[in-house]
Visitor: 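Structure in structure tokens, see below.
Remember, it's a predicted structure, so these values are computed and weren't measured experimentally.
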Amino acid sequence: MKQIKTLVLVALLVLGVSQLQAQDKIAHINVSDLMSKMPEMQAAKAELEKLSLSYDNDYKIMVEEFQAKARKYEGEVATVSAALNEERGKELQDMQNRIVQFRDSAGQKLQEKEVELVKPIMEKAKAAIDKVAKDKGYKYVLDSTSGGSVIVAEGTNIYNEVKTALGF
């Protein structure tokens with residue numbers, strides 16, 4: 001009889017502990033939406049757009065120069081020597097290679113700049129999320145961004161509190 005009482009007591013303790021663990025506070029936030037509305041992100045987007053336009057303009061100028069030179073050389077192909085035509089063909093090929101190289105390099109530089117600008121914004125958002133979660137007693141905060149790993153999206157959404165913590 002004593003063993004049954006002990007067994008029942010242990011079972012109740014195990015159930016009580018598992019119930020306490022099941023009551024951990026869970027919240028969710030759409031991190032992508034939060035970051036897109038942060039003033040720093042809007043400034044970063046504007047800077048990236050400005051840089052992208054600059055690269056686009058430079059690219060267009062290079063392409064226009066290439067096209068103008070190609071039209072000129074095409075119009076003169078019958079009036080110049082074969083050696084000069086061959087030299088011009090190599091020149092056009094070199095120009096085309098530089099254009100492709102510029103495009104690839106500009107794309108890579110743009111991506112690097114984006115990472116450079118977004119990383120501190122992500123860190124700031126994460127710090128604010130951590131602060132609000134700690135202040136509100138949440139054990140878990142899940143990213144409810146579409147495609148994110150959401151286990152439970154019915155918990156408390158701390159989006160507004162994080163916005164307030166960020167000052168916007």
Side-chain angles (χ1 to χ4, degrees), residues 6-70 94-168:
T6 305
L7 189 59
V8 169
L9 183 61
V10 169
L12 288 174
L13 284 174
V14 169
L15 285 173
V17 170
S18 66
Q19 286 291 35
L20 286 175
Q21 289 175 343
Q23 293 178 6
D24 286 342
K25 290 176 77 176
I26 298 173
H28 67 92
I29 183 169
N30 186 322
V31 177
S32 178
D33 188 44
L34 174 73
M35 286 185 57
S36 71
K37 291 185 172 93
M38 290 174 67
E40 297 92 336
M41 184 61 87
Q42 293 170 359
K45 282 182 181 180
E47 186 174 337
L48 287 170
E49 192 172 307
K50 182 179 174 184
L51 183 60
S52 179
L53 284 173
S54 173
Y55 287 145
D56 285 347
N57 287 336
D58 292 346
Y59 179 76
K60 286 177 186 176
I61 289 169
M62 293 174 77
V63 168
E64 288 170 1
E65 288 175 1
F66 173 80
Q67 289 172 340
K69 197 170 272 198
D94 288 345
M95 283 181 79
Q96 192 172 23
N97 289 340
R98 282 193 303 273
I99 291 169
V100 168
Q101 189 176 28
F102 174 81
R103 184 194 65 212
D104 293 345
S105 174
Q108 183 178 358
K109 287 178 185 176
L110 201 57
Q111 286 177 342
E112 290 169 359
K113 187 66 172 178
E114 182 177 15
V115 168
E116 176 188 323
L117 292 172
V118 171
K119 184 178 179 185
I121 298 168
M122 288 177 68
E123 290 170 354
K124 183 177 181 180
K126 184 181 181 324
I129 292 168
D130 289 346
K131 180 186 180 314
V132 169
K134 185 177 179 183
D135 291 348
K136 297 283 186 172
Y138 296 113
K139 300 262 182 193
Y140 304 98
V141 177
L142 305 171
D143 184 1
S144 61
T145 302
S146 179
S149 60
V150 178
I151 298 170
V152 175
E154 297 170 8
T156 304
N157 187 343
I158 61 172
Y159 180 84
N160 290 328
E161 289 92 345
V162 173
K163 273 180 52 179
T164 301
L166 288 170
F168 72 95

Visitor: Return yes if some donor-acceptor pair links the side-chain N/O of T145 with the main-chain N/O of S32 below 3.5 Å, else return no.
Guide: yes
Visitor: How many angstroms lie between atom CE of M95 and atom CZ of F102, to the nearest 0.5 angstrom?
Guide: 13.0 Å
Visitor: Can you see which heavy atom on A125 is nearest to which on M35, and at what distance?
Guide: CB-CG, 4.1 Å
Visitor: Would you please name every residue forming a side-chain hydrogen bond (donor to acceptor under 3.5 Å, both in side chains) with Q101, sequence neighbours left out?
Guide: none
Visitor: List the atom pairs, donor and acceptor, that lie under 3.5 Å between side-chain atoms in residues 158-168 and the rest of the protein, sequence neighbours left out.
Guide:
| residue | atom | partner | partner atom | Å |
| --- | --- | --- | --- | --- |
| T164 | OG1 | N160 | O | 2.9 |

Visitor: List the atom pairs, donor and acceptor, that lie under 3.5 Å between side-chain atoms in residues 44-60 and the rest of the protein, sequence neighbours left out.
Guide:
| residue | atom | partner | partner atom | Å |
| --- | --- | --- | --- | --- |
| E47 | OE2 | K113 | NZ | 3.4 |
| N57 | ND2 | L53 | O | 3.3 |

Visitor: State, to 0.1 Å, how close S144 and H28 come at their nearest heavy-atom pair, and which atoms those are.
Guide: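 Scanning both residues, the minimum pair turns out to be OG-ND1, 3.4 Å.
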Visitor: Got a sec, which residues hit side-chain contact (heavy atoms from CB on, under 4.5 Å) with Q111, two or more places apart in sequence or on another chain?
Guide: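 With neighbours one apart ignored, the set is empty.
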Visitor: Quick one: list whatever passes salt bridge (charged side-chain N to carboxylate O under 4.0 Å, His left out) with E114, sequence neighbours left out.
Guide: none
Visitor: Run the side-chain contact (heavy atoms from CB on, under 4.5 Å) test against Q67 and tell me which residues pass, sequence neighbours left out.
Guide: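 In terms of side-chain contact (heavy atoms from CB on, under 4.5 Å), with neighbours along the sequence ignored, Q67 is linked to V63, R71.
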Visitor: Which residues pass the salt bridge (charged side-chain N to carboxylate O under 4.0 Å, His left out) test with K69, not counting sequence neighbours?
Guide: E91
Visitor: Could you tell me which residues satisfy side-chain hydrogen bond (donor to acceptor under 3.5 Å, both in side chains) with K131, sequence neighbours excluded, listed by chain and number?
Guide: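 D135.
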Visitor: Would you please name every residue forming a salt bridge (charged side-chain N to carboxylate O under 4.0 Å, His left out) with E64, sequence neighbours left out?
Guide: none
Visitor: To the nearest 0.5 angstrom, please state how far the CG atom of D143 sits from the CG atom of N30.
Guide: 6.5 Å
Visitor: Under the side-chain contact (heavy atoms from CB on, under 4.5 Å) rule, collect the residues that match up with V100, sequence neighbours excluded.
Guide: R103, D104
Visitor: Restricting to side-chain hydrogen bond (donor to acceptor under 3.5 Å, both in side chains), what partner residues turn up for K126, sequence neighbours left out?
Guide: D130
Visitor: Sequence neighbours left out, what passes side-chain hydrogen bond (donor to acceptor under 3.5 Å, both in side chains) with E65? Give chain and number order.
Guide: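 Partners of E65 by the side-chain hydrogen bond (donor to acceptor under 3.5 Å, both in side chains) criterion come out as none, since no residue qualifies.
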Visitor: Assess whether side chain to side chain contact (heavy atoms under 4.5 Å, CB included) is satisfied between I129 and V31, documenting all intermediate values.
Guide: CA-CA 9 Å; I129 292 168; V31 177; 4.1 Å; yes
Visitor: Can you tell me how far the CD1 atom of I121 sits from the CE atom of M41, to the nearest 0.5 Å?
Guide: 4.5 Å
